[in-house]
> 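Provided herewith is a single structure, encoded as structure tokens, for subsequent inquiry.
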Amino acid sequence: MEIPKTYDPKITEDKWYAHWLKHKFFKSTPDEREPYTIVIPPPNVTGVLHMGHMLNNTIQDVLIRRARMQGKNACWVPGTDHASIATEAKVVALLAEKGIKKTDLSREDFLKYAWEWKEKYGGIILKQLEKLGASCDWDRTRFTMEKDLSDAVIDVFIDLHNKGQIYRGVRMVNWDPQGLTAVSDEEVIHKEVNSKLYYVRYKIENSDEWITIATTRPETILGDTAICVHPEDERYKHLKGKRVIIPMVNRSVPIIFDTYIDLEFGTGALKVTPAHDINDYNLGVKHNLEVIDTIAADGKMSAAAQFYIGEDRFVVRKKIAKELEEMGQIVKIEDIKNKVGYSERTNAVIEPRLSMQWFLKMDTISKPALENVLNGEIKLIPEKFVNTYKHWMENVHDWCISRQLWWGQQIPAWYDDKGNTVVAKTHEEALVKYKILNPESKTLNLKQDEDVLDTWFSSWLWPISVFDGFKNPDGKDINYYYPTNDLVTAPEILFFWVARMIIAGYEYRGAKPFTNVYLTGIVRDKQGRKMSKSLGNSPDPIELIEKFGADGVRVGMLLCSPAGNDLPFDESMCEQGRNFSNKIWNAFRLIKGWEVDSNISQNETNKIAIQWFETKFDEQLEIINDLYSKYRMSEALMATYKLVWDDFCAWYLEMIKPEFVDGKSLPIDKTTYDETLVIFEKILKVLHPFTPFITEEIWHLIIERNDKDCIIVAEWPKTKIEDTLILNHFEVVMEVVSNIRNIRKQKNISPKEKLKLFEKVNQGEIIKKYDTIIMKLCNLSSFEYVDKKVDGAFSFVLKHAEYYIPLSQNIDVAAESERLTKDLDYNKGFLRSVQAKLANEKFVSNAKPEMVENEKKKLADAESKIKAIEEQLAGLK
RNA sequence: GGGAGCUUAGCUCAGCUGGUUCAGAGCAUCUGCCUUACAAGCAGAGGGUCACUGGUUCGAACCCAGUAGUUCCCA
């Protein structure tokens, strides 16, 4: 059977994924083994796979596959998030295309459409993860809005309300006028924009005097209820007790004095609009000011504004500015840069707005979450995020958890027509509670709160709820899998999600939800822009997989992704990954192609090669294991890459490769062949977490195996290093080989031409053990030891010996002498620096003794090498 | 405005508690090879005043201070 020259992922990937599923290798149920658990950061149901998911899930899959091979009970729980605002926006848009307005539908009808939509498109992203090779336990797939998880959310709301941690109140919230909902502080993105600062003068009542204020938002003038100045400000001290007239609306409002005012900004006088600015609101509360809400929920002027009713606030801004100018009340207009908040979901400019919302108190509940990150009980990787985390947790605000949407868990609060409130799971329970609280009331019908809970109010329970920890708090699953081990996610949602999961973990399980949080970087394009659908700069991951294979893409993503650092993505990374797959494939082709002869005995070369590689493998695997334990995924991959490409392919296979005689490969002895298979299997195992598909394919091609004997469940190799001396010896062997190759290259000698080599040992004992290896790798016809230097030969000098290669062609004395002189100069310079160091008394007396010893040894080595080179130079003449 | 981090080869990054003439890797680049596993390959080469300035030290990419640039977080 002819094995194709290049590896074709297309014919293997779907085959093996189906095979793994069929034999339930991803499945996990509690048993006596140690669990290793990861819960997936549930992607939005609306989502399609983007590069961020690719990176994220590749890392999770590498971790889970390695743990599985290490004999742990590996469990990776998948699922999706209902993403209330994002999904609702999609459904609204889809209905709009059909000419249906949300406002024309009942809540029930709208939700019916939404569920239909979810059933149709909600699974796409999980299907895409399969292409990547994600070994999730799909039987455990959860959805944040499914029955059990929704129940958990409602129960938690009721519980926290009973504990007095949840309250309802009128507060200034971040209002998204497009999504028509409140959003949390974390969902507001502040961007610097070019704005105009309008200087507007207001007339002092019963006076000819004017006072000038500066504002970026003249449209809010209609809602002004005071002017504020600093009590120490000499410019305004005389205005105590005076009032001013608000232009256009001609309202008389007081001048108030407060140290909040920044004397330097603008004119030092501030217009106060309690309804439309958080700081003004606070001033209003303090000074008992009237609140006039002039901007409606949709961002248009309300009736209270009296002017421009129904027109958008930004249009009105220009109109008012013009009108004020005509009235002669604009003093000047400056161009400035300021920060404006935008909604993360709809990109609308956020409007500070007073509204009735539900809040979760964060001060006490967040305490354990801060402590246990600071004391290392939960580790953030990389560590630098601990600072950011600490800062946030120490300044945390109450969490606005209500959203004016329909898609999500409806808030279990019930009202009578007077606004009395009870919190309960069902209408019946609510009525019972209500009767107790209001015994004289005859009300039989309570109205449930229209709003739903913030999406994060369900995903913060994820690590508990996926194991039914609320439904069944002492269940087998939750007791076995919780706390989970690793969480892999993006730093952007450290507060949205990670911090809150930790809070919920301590509140509801009295224990952390996970031990390690691996924060991946953000995938960017070459210009450093974040990859996003709106920019259109993100490659389609599925197309990438088709082009380079899932293994290639996995390797490509991981090659350049140190934890927490951004990942400037470039397709060429995946190309490198694909090339690596091909390299592995060809190693397999080579081994598989050998003819085995059980009658010939193993030669010394092969025996030593095996000895060396086994030691090398163990040494490298220990390094790789260590890198994994530090979550240095890129480096673990690079170490694996070099072990396979350099040590195994370039050195080991070249050493044992049977020679070609008369156009035919000689057979290989059985011992070497069998041992090579064992080695190759170990190589495949170490590769498997990174490149699951090709390793499974080769695993089954290299020898006959049954369906259940798969590499996905093979045992991770163990190491036992007995003697590393052979590794040191090989350093010298490789140096010799590289020097000889260099001479070939320089002298333009064909690799086919056989050469003679002479060695003159100057220092230490003569080790002949490796001679046959050098002969094979360098294509030598002979290798002899001599006492004197060989005349008329090319040469090179190592620390312990001189090497000579006689050549048929004439030696270019001048060139040779130049090369040797250069070498000599370098060594002399080196010697001088060492001598200088040793001559420095302060060095000798202050440095560590072993340091000084080391310098002395360097001195001796350098001296002997200089002597050897000088002799050679003399010999040339 | 407050805080944190980063700045090492063309690119992406290593360099642990300071000690092999001021440094490593992968990719990219250049040169030569279609040498029967692999041109998605092989063999070789070039490339860095470790952001800048000063300090501590026998010795600094590493420690300290300042400057510049850059990223992120919070307001």
Side-chain angles (χ1 to χ4, degrees), chain A residues 3-7 185-186 190 262 264-265 278-279 339 341 382-392 394-397 491-492 494-495 522 526 528 548 552 556 559-562 564-570 572-573 575-594 627 630 632 634-635 637-639 641-642 645-646 649-650 653-654 657 660 663-665 737-738 741-746 748 750-753 779 826-848 850-852 854-855 857-858 861-862:
Chain A
I3 307 167
K5 224 166 144 176
T6 45
Y7 169 64
D185 291 345
E186 290 72 34
H190 295 272
D262 178 359
E264 306 296 319
F265 187 80
I278 180 67
N279 298 310
K339 294 260 179 104
E383 229 174 316
K384 66 177 180 187
F385 285 106
V386 174
N387 272 332
T388 328
Y389 182 86
K390 177 168 177 266
H391 192 252
W392 189 78
E394 283 173 347
N395 298 288
V396 65
H397 300 290
E492 306 156 287
L494 185 59
F495 307 126
I522 296 166
K526 271 186 177 169
F548 300 108
L559 271 173
C560 56
S561 56
N565 268 20
D566 285 0
L567 187 157
F569 183 79
D570 184 12
S572 68
M573 298 289 178
E575 201 178 322
Q576 194 185 348
R578 179 203 59 183
N579 293 355
F580 186 44
S581 295
N582 201 233
K583 187 72 187 178
I584 301 165
W585 182 251
N586 276 289
F588 156 69
R589 267 204 335 138
L590 175 68
I591 296 169
K592 190 70 183 170
W594 286 333
L627 290 168
K630 293 176 178 139
R632 304 178 77 147
S634 275
E635 288 171 65
L637 170 58
M638 188 42 70
Y641 180 96
K642 284 197 271 189
W645 200 304
D646 299 341
C649 293
L653 289 179
E654 289 301 327
K657 191 161 129 184
F660 251 82
K664 251 192 77 183
S665 171
V737 170
S738 134
R741 282 177 179 166
N742 214 338
I743 287 178
R744 266 193 203 275
K745 173 87 180 169
Q746 278 171 9
N748 236 333
S750 153
K752 284 177 184 164
E753 189 180 326
N779 195 20
Y826 174 87
N827 279 288
K828 278 185 171 167
F830 180 72
L831 181 70
R832 268 197 301 278
S833 87
V834 178
Q835 281 168 336
K837 225 176 206 181
L838 284 169
N840 185 339
E841 264 180 53
K842 283 181 181 165
F843 171 74
V844 179
S845 53
N846 289 333
K848 284 181 239 149
E850 59 266 34
M851 202 55 228
V852 180
N854 195 17
E855 290 299 312
K857 191 167 173 299
K858 271 153 66 181
D861 285 349

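Treat the numbers as computed from the prediction; the structure is a model and nothing was measured. Just so it is clear: chains get the letters A, B, ... in the order the sequence lines come, proteins before strands, and each one is counted from 1.
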> If you round to the nearest 0.5 Å, how far is CD of A:E654 from CG of A:L590?
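With rounding to 0.5 Å, CG (A:L590) is 8.0 Å from CD (A:E654).
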> With C1' as the reference atom in both, quote the distance from B:C58 to B:C50 in angstrom, rounded to an integer.
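It works out to 22 Å between them.
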> Taking atom OG of A:S572 and atom CZ of A:R578, what is their separation to the nearest 0.5 Å?
11.0 Å
> To the nearest 0.5 Å, how far apart are CG in A:N586 and CG in A:N582?
5.0 Å
> For nucleotides 55-65 of chain B, give me every protein contact, N/O to N/O, under 3.5 Å, one pair per line with atom names.
from, atom 1, to, atom 2, distance (Å)
B:C58, O2', A:N840, ND2, 2.9

> Report yes if at least one side-chain N or O of A:H397 is closer than 4.0 Å to OP1 or OP2 of B:A75; otherwise report no.
yes
> Could you tell me the separation between the NZ atom of A:K592 and the CD1 atom of A:I3, rounded to the nearest 0.5 Å?
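Between atom NZ of A:K592 and atom CD1 of A:I3 there are 7.0 Å.
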> Which ranges of RNA chain B pair up as stems, where a stem means three or more consecutive Watson-Crick or G-U pairs with both distances under 3.5 Å?
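Ordered by first number, the stems with RNA chain B (at least 3 consecutive pairs each) read B:1-7 with B:68-74, B:10-13 with B:24-27, B:29-33 with B:41-45, B:51-55 with B:63-67.
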> Could you tell me the separation between the CG atom of A:L494 and the C1' atom of B:C72, rounded to a whole number of Å?
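Value for this atom pair: 12 Å.
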> Please report the distance, rounded to the nearest Å, between CD in A:E492 and C1' in B:C74.
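Interatomic distance, CD of A:E492 to C1' of B:C74: 17 Å.
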> Has A:N779 got a side-chain atom pairing as donor or acceptor with A:K752's backbone, closer than 3.5 angstrom?
yes
> Rounded to the nearest 0.5 Å, what separates atom NZ in A:K745 from atom OG in A:S738?
13.0 Å
> Restricting to non-hydrogen atoms, name the atom on A:A587 and the atom on A:C649 that form the minimum distance, rounded to 0.1 Å.
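Shortest heavy-atom contact: CB-SG, 4.0 Å.
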> Holding to side chain to side chain contact (heavy atoms under 4.5 Å, CB included), I want the full list of residues that pass it with A:K390, two or more places apart in sequence or in another chain.
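Expected list: A:L370, A:L374, A:E394.
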> On RNA chain B, check which nucleotide each of A:S665 and A:M638 is closest to and give me the residue with the more 5' one.
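Between the two, 5'-proximity favours A:M638.
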> List the atom of A:E753, the atom of A:R744, and the distance in Å for their closest heavy-atom pair.
O-NH1, 2.9 Å
> Which part of the nucleic acid, if any, lies within contact of A:Q835, taking any heavy atom under 4.0 Å across all strands shown: a base, the sugar-phosphate backbone alone, or nothing?
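Result for A:Q835 = nothing.
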> Angle class for the A:W585/A:Y7 ring planes (parallel below 30°, perpendicular above 60°, tilted otherwise)?
tilted
> Within this structure, what is the CD-to-C1' distance between A:Q746 and B:G44, rounded to whole angstrom?
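Rounding to the nearest Å, CD of A:Q746 and C1' of B:G44 are 9 Å apart.
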> Taking only the side-chain nitrogens and oxygens of A:Y641, find out if one of them lies under 4.0 Å from OP1 or OP2 of B:A25.
no
> For the residue pair A:K837 and A:F843, what are the closest heavy atoms and their distance?
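Of all heavy-atom pairs spanning A:K837 and A:F843, the closest is O-CD2, 3.3 Å.
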> Could you tell me which non-hydrogen atom of A:Y641 sits nearest to which non-hydrogen atom of A:Q576, and how far apart they are?
OH-NE2, 3.5 Å
> Give the rounded distance in Å between these two atoms: CG of A:L831 and C1' of B:U20.
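Those two atoms, CG and C1', are 14 Å apart.
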> Expressed as a whole number of Å, how far does the P atom of B:U57 sit from that of B:C62?
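Result for the P pair: 16 Å, nearest Å.
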> Please step through ring-ring contact (aromatic ring centres under 6.0 Å, His included) for the pair A:W392 and A:Y389, ending with a clear verdict.
CA-CA 5 Å; A:W392 189 78; A:Y389 182 86; 7.5 Å; no
> If I pick the P atom on B:A4 and the same atom on B:A9, what distance separates them, to the nearest angstrom?
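About 27 Å, rounded to a whole number of Å.
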> Could you measure between the two P atoms, the one in B:A25 and the one in B:U71, and give it in whole Å?
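Each nucleotide's P atom is 31 Å from the other's.
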> Expressed in whole Å, how much space separates the C1' atoms belonging to B:G10 and B:G5?
25 Å
> Please classify the nucleic acid contact of A:E855 as base, sugar-phosphate, or nothing, using heavy-atom distances under 4.0 Å.
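Nothing, no heavy atom under 4.0 Å.
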> Quantified in whole Å, what is the P atom distance between nucleotide B:A23 and nucleotide B:G66?
30 Å
> Expressed in angstrom and rounded to an integer, what is the separation of A:F660 atom CZ from B:U36 atom C1'?
5 Å
> Counting neighbours of CD on A:E383 that are heavy atoms of other residues, nucleotides or ligands and sit closer than 6.0 Å, is the number greater than 12?
no
> State which of B:C27, B:A14, B:U35 makes the closest approach to the side chain of A:K752.
B:U35
> What is the separation between atom NZ on A:K630 and atom P on B:C16, rounded to the nearest whole Å?
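In whole Å, B:C16 P lies 11 Å from A:K630 NZ.
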> Looking at every heavy atom in both A:M638 and A:L559, which two are closest together, and how far apart are they?
CE-CD2, 3.5 Å
> Hey, what are the protein-to-nucleotides 2-4 of chain B N/O distances that come in under 3.5 Å?
none

> For nucleotides 8-10 of chain B, which of its nitrogen or oxygen atoms have a protein nitrogen or oxygen under 3.5 Å away, and what is each distance?
none

> Could you write out each protein N or O paired with an N or O of nucleotides 39-43 of chain B at a distance under 3.5 Å?
from, atom 1, to, atom 2, distance (Å)
B:A39, OP1, A:K5, NZ, 3.4
B:A40, O4', A:N579, OD1, 3.0
B:A40, O2', A:N582, OD1, 3.3
B:A40, N3, A:R578, NE, 3.4
B:G41, OP1, A:N579, ND2, 3.4
B:G41, O3', A:K583, NZ, 3.2
B:C42, OP1, A:K583, NZ, 2.9
B:C42, OP1, A:W645, NE1, 2.8
B:A43, N3, A:K745, NZ, 3.4

> Give the rounded distance in Å between these two atoms: CG of A:L637 and P of B:C13.
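Going from CG in A:L637 over to P in B:C13 covers 15 Å.
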> How many whole angstroms separate atom CZ of A:F495 from atom C1' of B:C72?
10 Å
> I want to check one thing: is the phosphate of B:A37, taken as OP1 and OP2, less than 4.0 Å away from some side-chain N or O of A:K592?
no
> If I pick the C1' atom on B:G18 and the same atom on B:C30, what distance separates them, to the nearest angstrom?
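After rounding to an integer number of Å, I get 37 Å for this pair.
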> Roughly how many Å apart are B:C52 and B:U8, using the C1' atom of each and rounding to a whole number?
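Per the computed distance, 14 Å lies between those C1' atoms.
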> Go nucleotide by nucleotide along RNA chain B from the 5' end; which of A:M573 and A:R632 gets its closest nucleotide reached first?
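Looking at RNA chain B, the more 5' nearest nucleotide goes with A:M573.
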> State, to 0.1 Å, how close A:V844 and A:L838 come at their nearest heavy-atom pair, and which atoms those are.
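Where A:V844 meets A:L838 most closely, the heavy atoms are CG2-O, 3.2 Å.
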> Measuring from A:R832:CZ to A:N827:CG, what's the distance to the nearest 0.5 Å?
11.0 Å
